[in-house]
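Right, one structure below, let's go through it.
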Amino acid sequence: MRRVLRLSASILLLVGLVVFPALRAKGHDAIDVCPPGAIAGIELRGLAPAITALEHSELRSAIESSPAFRKWRDSADGRKAAGGVTLIESQLEDSAWSILRNLFGDQVAVAIYPPASSAKPEGVMVARLADAATLASYVEKLQPLIDLAGNRVQRSERKDGGVELVIDNRMTLAYRGCWYVASENRGLIDTVFSRIDSEAELKSKTPHRLFDATSSAGAWIDLAAIRKLMGTLPVPQKLDNPLASLLFGGLARSIKDADAVSATVAISDRQLDAKVTVASPIRSQEAPFTAYLAPADGSRNASLPPVAGLLAGVTVYRDFGDWYRGREQLVEERVLPEFDKFETGLSTFLIGRDFGADVLPLLGRRVSLLAAPQTFEHLGAARPGVQLPAFGVVLELDHPEEGADLIRLFFQTLVAVTNLEAGKQGRQPWILTSQVHRDVTLSYARYLETPSGDSLPIVFNFQPSSALVGKYFVLSSSREFCQRLIDAVLDWPSPKASPPRNLSLTFDPAVAAKLLNDNAAALHANNVLQGQSIQQSEEQLTLLVNWLKQFRPLDWKTELGERGFDMSFSLGW
Amino acid sequence: MTASPLSPADWSEARSWGVAPAAHLLRRLQTGYRPEELRRVMDEGPEQTVDRLLTEHPEDPSIGPAIASLEQTALATGQIDSLRAAWLLGMTTPVNPLREKLTLMWHNHFATSYGKVKSLELMRRQIDLFRRHAWGNFGALLHEVSRDPAMLVWLDGNSNRKRHPNENYARELMELFSLGVGNYTERDIQEAARAFSGWHMRHGDYWFNSLQHDDSEKTVFGKTGRFDGDEVVDLCLEQDACSRFVASRLLQTFVHPRPPEEWTTAVAEDLRQETFELRPVLRRLFLSSAFFSSEARNSLIKSPVEFVLGSTTLLGVAIRWPETLRLLASLGQNVYEPPSVKGWEGQRNWVTSTTLMLRTQFIADLVQTNQYGVASPSKLLESADLSGVLAIILGSDSPQLLASVREQMSGLAKPDQKQRLTLLMQLPEYHLY
């Protein structure tokens, strides 16, 4: 019981208290009253509507009804947490959501400073409440619990009229009016209150703060200052995964030389937009890191082909030749043998050709990988037992005719090898054929006969298809998706976007939810194999599907902006 | 005059129906059972229990979708382990346990391996065939097996051509499926092979390739005619050896590893009289004095499937299949992949120094860890009444066994429930049934 009381008292003290009449109107912003010289900062502003939205969201209900949450709720930790919440709620005569909204719904700022006396950085948290009377009311109601904490909490009056509580001789919490400030460094607290009292207009001095009128949260790290303190930044220049290197290698590199990383988050009723900026002299990078950069004029851009109903898609703008040739500087040495294996494997399908010498020079710099649900028109009424989405690749070619021939050779050899294997396994072979779609010749493989059944082997998801559309070669696992990709490439607007974009990514959770539902049998089978009952598995799947359905498509793009590298992320629900 | 081995067991007062015979019946007719089922069998009595077990019941709605999911995923992904799990999961449910046990018996009798067939769909269809005919007519089963696509792949049906007969199926039909060694000649096999020529598989189904069928005269078992495969199967069924061969299979599976001659003769005669309808024959056998005789009791060694699934069912374990299937393979019984066309020889071959150690370790892991799944043992197994627990686990109410167990337990300082269960399930008697 004593531990619970101590815990409760600490929580309450941190939550902020006392009832002093506000000495001044709340005027300044929380981040602006933080002392200058911070090396990192976080701020939250106007979160009350978002807290309310979360309180009433279906997402919250979905989480609370999940087996994992219920399991935690029934555990010792869960019961302890629930007890603490109940204690606070009953003491403050308010709901936990309302308390959260009142204490953190207006403004909160945290600033971190370089170490002064101690070896670790120091920080200060400043919070401003929308209503000083609420804080006063909370403190009054919590006083009995603070008294119970005994001499672990030292209370004293501040000269400026505020009240100070020192907890365990370490953490100091001071409050006055609608402000409460916490830090282990009392000097920082004094500076904060003197800035609060300042008549002059205060502005955050850091150039790295990008918070604007639409932002709900923001953060920044002064990497140059940290580099000065630490000597170097612990950012890996080489990645241990080729795909990660291809997608994100440039980002890792840009952070290494960056002055700062800044982020903002804007949350509205049904939308979250986040932006991260790496302030870095990115255009001065040397090869092979230039492989990651789109042209400065934005003339060639990593936009996504306009395909409706995508499950996921990513377009990257890369100089694949430079990236491949510079792989020894970009990926860890232990991964390099994988490139050799890749070349050896590829030589089976591109007989007598060398990947570096014959293939790379033909490739352009833009490649899109896409996935979307398919209707299985090639199977008639039949269906595979595991229904995969259709996959597609749109590959820009610097030398379209030569490049297309090479890919066709690859494609035909693949079909021949697969047919030999199909014969051994007693499966149907593929027949290569073609059709014309919007004046584009589409080559595809069809099955000798339309199969029947609703549990066909997984291979029946695939109907390899390809087409050369202008300077783009389109490859797909499905003819119907290939047709849609041809349409998209033909209708693909010329890039106008500026600044230049290196990567675009999209993912639609609702489409993923439908695919999960379509493949419920496979998911159940996997769970049953692990000892779950079908009922448990169904409950899990329903929860996951309902959860995914809450979201609208997630989009992510990286661009080269004025300050350096910008990453934008948006998610709706 | 000696009473027939198939005469009904006498449950008059002198040998009253009780826990031991009830457990014996349950252990022989099901792969595993939950402790509560023993009480039910004792209450129902032998006739009602046997009738219930020999009746097809609607599938368990809580298990049916799980089996369907496993099968669908197996067929889609080519993962044989999912198909194995689907079948074994069905064996652990109390709805049609005898049907599944008979299905496993026919899988062993007509042993066909996925290793060669390489088609999960064909293997699944073959098991479904065994399931449909589990206690049906053996003659009908033999006819259908002869056309079964998995069997056609397994014994090279497509290679059996008019001018180049392949004898594989004809040989196994006589040696392993219907007559047994010594009841046919090489000439019979050669002639029968011609009768099966042109019995091919096409597009995953049986197909009679008339161009490759030898329609000329053949002489089989001294009879001459322009026989086709079906007529050769009928000729096999007409042989006295056939009913004796099938009788041996039934007796060795359910009654005794080396049944006395007169038992085989009695069951073979019954089979002939019933024209190979298995259900009435099995019913009489399961209620017979031979079945409940002292020679029969605890005369069989549990197969790995019976040992492992029997233990998981007893303890109410939600099985983790990957680990369990690996264990079954290590113990020598990988369903869908019998070691040869002869199937699993079983009995004494199940137990070697290696498999005995694996079985012992399995029991310890099963009871004391979650390696094979989370157990939720029945309260009946936690009873303080050791003789009751002994009856459930070992099917015995023998005072000698009880005394022996008490003596072994006296060596343990205050054994907890898990230790007690481990000890009982590691007894040599637990490997028998």
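In what follows, chains are A, B, ... by sequence order, proteins preceding strands, each numbered from 1. Predicted model only: the values in this text are computed from it and were never measured.
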Is there side-chain contact between A:Q535 and B:S62, with heavy atoms separated by less than 4.5 Å?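 Answer yes - side chains close enough.
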Can you find a heavy atom in the side chain of B:S69 that is under 4.5 Å from one in the side chain of A:V528?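 No - every pair of side-chain heavy atoms lies 4.5 Å or more apart.
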Side chain from CB out, backbone as N, CA, C, O: work out which of these in B:L70 comes under 4.5 Å of a heavy atom of chain A, or both, or neither.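 For B:L70, heavy atoms of backbone and side chain both lie under 4.5 Å from chain A.
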Heavy-atom cut-off 4.5 Å, strictly under: side chain, backbone, both or neither for B:L89 against chain A?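 Only the side chain of B:L89 comes within 4.5 Å of chain A.
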Do any of residues 367-374 of chain B come closer than 4.5 Å to chain A, heavy atom to heavy atom, and if so which ones, in number order?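 Residues of residues 367-374 of chain B touching chain A at under 4.5 Å: none.
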Identify the heavy atoms of [X] and [Y] that sit nearest to each other, and give their distance.
X     : Y      : result
B:A76 : A:V386 : CB-N, 3.4 Å
B:T73 : A:A525 : OG1-CB, 3.3 Å
B:S82 : A:L529 : OG-CD1, 3.8 Å

Residues in residues 514-522 of chain A that sit under 4.5 Å from chain B, counting heavy atoms only: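 The residues closer than 4.5 Å to chain B, in numerical order, are A:A521, A:A522.
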Which residues, numbered in order, of residues 442-456 of chain A come under 4.5 angstrom of chain B by heavy-atom distance?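 Checking residues 442-456 of chain A against chain B gives A:E449, A:D454, A:S455, A:L456.
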Count the heavy atoms belonging to other residues, nucleotides or ligands that lie under 6.0 Å from CH2 of A:W547, then report whether that count exceeds 12.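 No, not enclosed.
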Euclidean distance, B:Q72 CD relative to A:R383 CZ, rounded to 0.5 Å: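 Rounded to the nearest 0.5 Å, the CZ-CD separation comes to 12.0 Å.
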B:Q126: what forms a side chain to side chain donor-acceptor pair (under 3.5 Å) with it, not counting sequence neighbours?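 By the side chain to side chain donor-acceptor pair (under 3.5 Å) rule, B:Q126 matches B:T112, B:D148.
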For chain A, find which of B:H203, B:Q79, B:E323, B:E71 contributes the most heavy-atom pairs closer than 4.5 angstrom.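 If we count pairs closer than 4.5 Å to chain A, B:H203 comes out on top.
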Interface moiety of A:Q530 toward chain B, non-hydrogen atoms closer than 4.5 Å: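 Answer is both: backbone and side chain atoms of A:Q530 are under 4.5 Å from chain B.
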